[in-house]
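All remarks here apply to the structure that follows.
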Amino acid sequence: MSDPIALPGRALAAWRAEAVLAALALGAIAFVVGWVWLDHPCMRLALLAGAVLILVWLVLDLLVLLPRRHAAWSARVDGTVLEVAEGVLVVRRLLVPLGQVLYVDVRQGPVVRMLGLSRVRVGTLGSAHDVGPFAPEVADALARHLAEVKG
């Protein structure tokens with residue numbers, strides 16, 4: 001399985017939905033904070049600035065950063081190493097030696113499940129890494145391959 005593993009187009013939709021949910025959560029927190037301290041003279045200006053920042057971040061994320069992140073993402077299992085490269089602003093290259101893998105878990109959160117996708121979590125002694133989201137059959141095949149190579 002040394003061929004590159006591609007993300008489906010629905011992965012971009014999942015990332016976008018998660019970004020919108022995060023922005024809504026931040027907006028709800030800002031609303032509650034504003035409700036509690038609305039009498040403070042600078043609070044309305046701070047809330048307005050916060051709302052503008054959240055909106056600008058969301059639009060930038062949805063229209064620019066997430067499509068570039070999707071295009072830059074790659075993964076492969078090459079010999080005894082799982083290699084994942086991702087990122088636009090912060091580029092990360094993850095190398096997980098398969099001899100260090102303790103468990104492989106296939107997960108579906110609510111947003112990912114609604115889009116018919118799954119993530120693979122690879123756990124090592126020191127950390128766990130989520131890879132994906134993929135179509136469920138790709139996630140299952142990757143998890144089985146990682147477990148077989150681990151032996």
Side-chain angles (χ1 to χ4, degrees), residues 1-78 81-98 100-101 103-124 126-143 145-146:
M1 186 176 233
S2 64
D3 295 333
I5 305 165
L7 286 178
R10 291 177 297 171
L12 181 58
W15 290 343
R16 284 180 168 152
E18 290 168 347
V20 168
L21 289 174
L24 288 174
L26 283 173
I29 291 169
F31 178 78
V32 169
V33 168
W35 187 267
V36 172
W37 288 302
L38 194 56
D39 294 339
H40 195 278
C42 295
M43 186 50 69
R44 289 179 196 220
L45 181 60
L47 283 176
L48 181 61
V52 169
L53 284 174
I54 289 171
L55 189 60
V56 167
W57 164 74
L58 181 61
V59 169
L60 180 68
D61 205 26
L62 293 177
L63 298 179
V64 178
L65 296 177
L66 288 176
R68 295 177 97 194
R69 175 181 170 199
H70 187 269
W73 194 95
S74 68
R76 78 166 75 219
V77 178
D78 195 12
V81 174
L82 168 64
E83 179 180 355
V84 179
E86 61 185 349
V88 176
L89 296 177
V90 176
V91 178
R92 180 177 92 145
R93 187 166 166 234
L94 172 69
L95 299 172
V96 179
L98 298 183
Q100 301 292 319
V101 173
Y103 68 90
V104 181
D105 186 16
V106 178
R107 299 172 164 232
Q108 285 185 313
V111 172
V112 172
R113 183 175 43 249
M114 282 181 9
L115 292 168
L117 300 170
S118 299
R119 285 190 169 102
V120 177
R121 174 166 279 198
V122 180
T124 64
S127 61
H129 309 283
D130 285 334
V131 182
F134 304 112
E137 55 275 1
V138 174
D140 289 337
L142 176 60
H145 180 74
L146 293 174

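Quick caveat: nothing in here was measured; it's all calculated off a predicted structure.
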### Message
Looking at Phe31, I want to see if its CZ is surrounded by more than 12 non-hydrogen atoms of other residues, nucleotides or ligands under 6.0 Å.
### Response
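12 or below, so no.
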
### Sequence-distant partners of Arg68, side chain to side chain donor-acceptor pair (under 3.5 Å), two or more places apart
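Arg68: no side chain to side chain donor-acceptor pair (under 3.5 Å) contacts found.
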
### Query
Mind checking what makes side chain to side chain donor-acceptor pair (under 3.5 Å) contact with Asp105, not counting sequence neighbours?
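If we apply the side chain to side chain donor-acceptor pair (under 3.5 Å) test to Asp105, skipping adjacent residues, the hits are Arg107.
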
Close side-chain approach of [X] to [Y], heavy-atom, < 4.5 Å:
{"X": "Val84", "Y": "Val96", "value": "no"}
{"X": "Ser127", "Y": "Gln100", "value": "no"}
{"X": "Val64", "Y": "Val88", "value": "no"}

### Query
Can a salt bridge be assigned to the pair Glu18 and Arg119 using a cut-off of 4.0 Å between side-chain N and carboxylate O?
yes

To the nearest 0.5 Å, how far apart are [atom1] in [X] and [atom2] in [Y]?
{"X": "Leu60", "Y": "Leu65", "atom1": "CG", "atom2": "CG", "value": "4.5 Å"}
{"X": "Leu24", "Y": "Ile29", "atom1": "CG", "atom2": "CD1", "value": "11.5 Å"}
{"X": "Phe134", "Y": "Asp140", "atom1": "CZ", "atom2": "CG", "value": "11.5 Å"}
{"X": "Arg69", "Y": "Leu7", "atom1": "CZ", "atom2": "CG", "value": "9.0 Å"}
{"X": "Leu26", "Y": "Leu55", "atom1": "CG", "atom2": "CG", "value": "12.5 Å"}
{"X": "Arg76", "Y": "Leu142", "atom1": "CZ", "atom2": "CG", "value": "13.5 Å"}

### Query
For Pro8, does its backbone N or O pair with a side-chain atom of His70 as donor and acceptor, under 3.5 Å?
yes

### Query
For the residue pair Asp61 and Ala19, what are the closest heavy atoms and their distance?
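The pair with the smallest heavy-atom distance is OD2-CB, 3.5 Å.
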
